[in-house]
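Here the structure is a predicted model, which is why all the values come from computation and not from measurement.
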Amino acid sequence: MDAGQHGLPGIHARLKRRRLLPATHLVDGGYTSVALFDTAARTHRIRVVGPLPPSPAWRRQAPGFTREDFTIDFDRRTITCPKGKISGNWLELPAMAPYTVVRFNPAHCDPCPVRTSCTSGKAPRTVNFLPRHLHDL
C-alpha cells in the first residue's frame, strides 16, 4: 500500500482529535485515490484535492483503448465502446467489489476492425469501473 492509504486516514484522525480538521486538504499524488477522497468526505467531511493517478502503466504504454475511451451510462447500466457498440452485461460481483464489471458480447468484439486496439487474446473486452459516486469523483 502507498503512503496515502496508510498516512492520510491517520493524519485526519489526529487533526480531528486536535479539532483542526480542514474543510479542504491539498495533497500530492502520493496521497490520492478515489477511495481516499471518498473516505475523507464520508468520515470527516473533508474535500481532498490532489492529482489522481493515471490509468495503469501497462495500459497507457500499449496502443489502444483505455477505460476512459468508453462511455458509461449509469442510469441505463450500459457502456458504449469507441466504435459505438453497447453492452448491457453489467455485473456487480462480490469478488470484484467495489468495481462493477461490464463484458462485451463476443458477437460485437470478434468482427470489430479495431479489436487488437481494444482487447488482447480471444476474450471480448471487459471494462471495470467504480460505482457512480466514486467514479464521479
*Are any of the side-chain nitrogens in Asp69 or Lys83 under 4.0 Å away from the carboxylate oxygens of its partner?*
no

*Any ion pair linking Asp38 and Arg42 (charged N to carboxylate O, less than 4.0 Å)?*
yes

*Just do the salt bridge (charged side-chain N to carboxylate O under 4.0 Å, His left out) check on Arg132 and Asp73 with the steps written out, would you?*
CA-CA 10 Å; Arg132 178 183 251 166; Asp73 185 332; 5.5 Å; no

*Might you confirm whether atom CZ of Phe74 has over 12 heavy atoms from other residues, nucleotides or ligands at distances under 6.0 Å?*
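Yes.
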
_Residues, nucleotides or ligands: over 12 heavy atoms within 6.0 Å of Arg103 CZ_ =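 No.
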
_Parallel, tilted or perpendicular: ring planes of Phe70 versus Phe104, cut at 30 and 60 degrees_ = tilted

Nearest heavy-atom neighbours spanning [X] and [Y]:
X: Pro22; Y: Ile46; value: O-CG1, 3.4 Å
X: Val48; Y: Phe37; value: CG1-CE1, 3.4 Å
X: Thr32; Y: Asp28; value: CG2-O, 3.6 Å
X: Pro51; Y: Val27; value: CD-O, 3.8 Å

*For His12 and His25, does a side-chain donor sit closer than 3.5 Å to a side-chain acceptor?*
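A pair is found: one side chain offers a donor N or O, the other an acceptor, under 3.5 Å apart.
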
Rounded distance [0.5 Å steps], [atom1] in [X] versus [atom2] in [Y]:
X: Lys16; Y: Thr43; atom1: NZ; atom2: OG1; result: 8.5 Å
X: Leu130; Y: His133; atom1: CG; atom2: NE2; result: 8.5 Å
X: Arg125; Y: Ile79; atom1: CZ; atom2: CD1; result: 9.0 Å
X: Leu8; Y: Leu36; atom1: CG; atom2: CG; result: 5.5 Å
X: Ile86; Y: Asn105; atom1: CD1; atom2: CG; result: 12.5 Å

*Side-chain (Arg45) to main-chain (Ala41) donor-acceptor, under 3.5 angstrom*: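 No; judged by distance alone, with no hydrogens or angles, the pair does not exist.
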
*Heavy-atom side-chain contact between Thr100 and Trp90 under 4.5 Å*: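 In contact.
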
*Take Val101 and Phe129 through the side chain to side chain contact (heavy atoms under 4.5 Å, CB included) test and state the conclusion after the steps.*
CA-CA 7 Å; Val101 178; Phe129 54 93; over 6 Å; no

*Is there a side chain to side chain contact (heavy atoms under 4.5 Å, CB included) between Leu93 and Tyr99 once you walk through the steps?*
CA-CA 8 Å; Leu93 306 168; Tyr99 287 89; over 6 Å; no

*Are Val49 and Leu15 connected in the hydrophobic side-chain network, where two residues link if heavy atoms are under 4.5 Å apart?*
no

